[in-house]
Amino acid sequence: MAETFLGFAACLLAFAAAALVRLWRSRGAADQMMAVQLLGSVGIAVLLLIFAGTGAPAVLDVALLLALLAAFAAAAFHSVRAAPQAEAPQRSTTP
């Protein structure tokens, strides 16, 4: 059964390579952030499959830490992109 989990982890790593190609070709910041989020999700899934295959508890800790960092990265990206722009003051037309 452990070989099955590790085989699925290898398949997910192949999908992660495809996501890296998408990240390399993307031009917009949102596309790049979505690709990074995809890589984070795939990384978490791979680590959980490795944990299921080997039973090493440290791998589970790393997967949980990666999930936490991915959430913080998404929140930071949103706060930077949604920052209010300074508006020019309105000019009064009355004398």
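Along the sequence shown, the residues carry numbers beginning at 1.
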Distance check, rounded to the nearest 0.5 Å: Phe8 atom CZ versus Thr4 atom OG1? 6.5 Å

Least distance between heavy atoms, Ala73 atom then Gln37 atom: CB-NE2, 4.1 Å

Do you reckon Val36 sits in the same ILVMFWY cluster as Leu20, going by side-chain contacts under 4.5 Å, direct or chained? yes

Indicate if Leu65 and Val42 have the same hydrophobic cluster label, given that clusters are the connected sets of ILVMFWY residues with side-chain heavy-atom separations under 4.5 angstrom. no

Phe15 reachable from Leu6 in the ILVMFWY side-chain graph, under 4.5 Å edges: yes

Locate the shortest heavy-atom distance separating Ala76 from Ser79; write the atom from each residue and the value. O-OG, 2.9 Å

Shortest non-hydrogen contact between Gly53 and Ala2, atoms and distance: O-CB, 3.2 Å

List for me each residue that meets side chain to side chain contact (heavy atoms under 4.5 Å, CB included) alongside Ala9, sequence neighbours excluded, and say none if there are none. Val46, Leu49, Ile50

Quick one, Met34 and Leu38 - any side-chain contact, counting heavy atoms below 4.5 Å? no

Do Leu48 and Ile44 touch side chain to side chain, with heavy atoms closer than 4.5 Å? yes

Do Leu13 and Phe51 sit in one hydrophobic cluster, given that two such residues count as connected whenever their side-chain heavy atoms are within less than 4.5 Å of each other, even indirectly? yes

With Leu47 via side chain to side chain contact (heavy atoms under 4.5 Å, CB included) - residues at least two apart: Val59, Val62, Ala63, Leu66

With hydrophobic residues grouped by side-chain heavy-atom distances under 4.5 Å, do Val21 and Leu39 end up in a single group? no

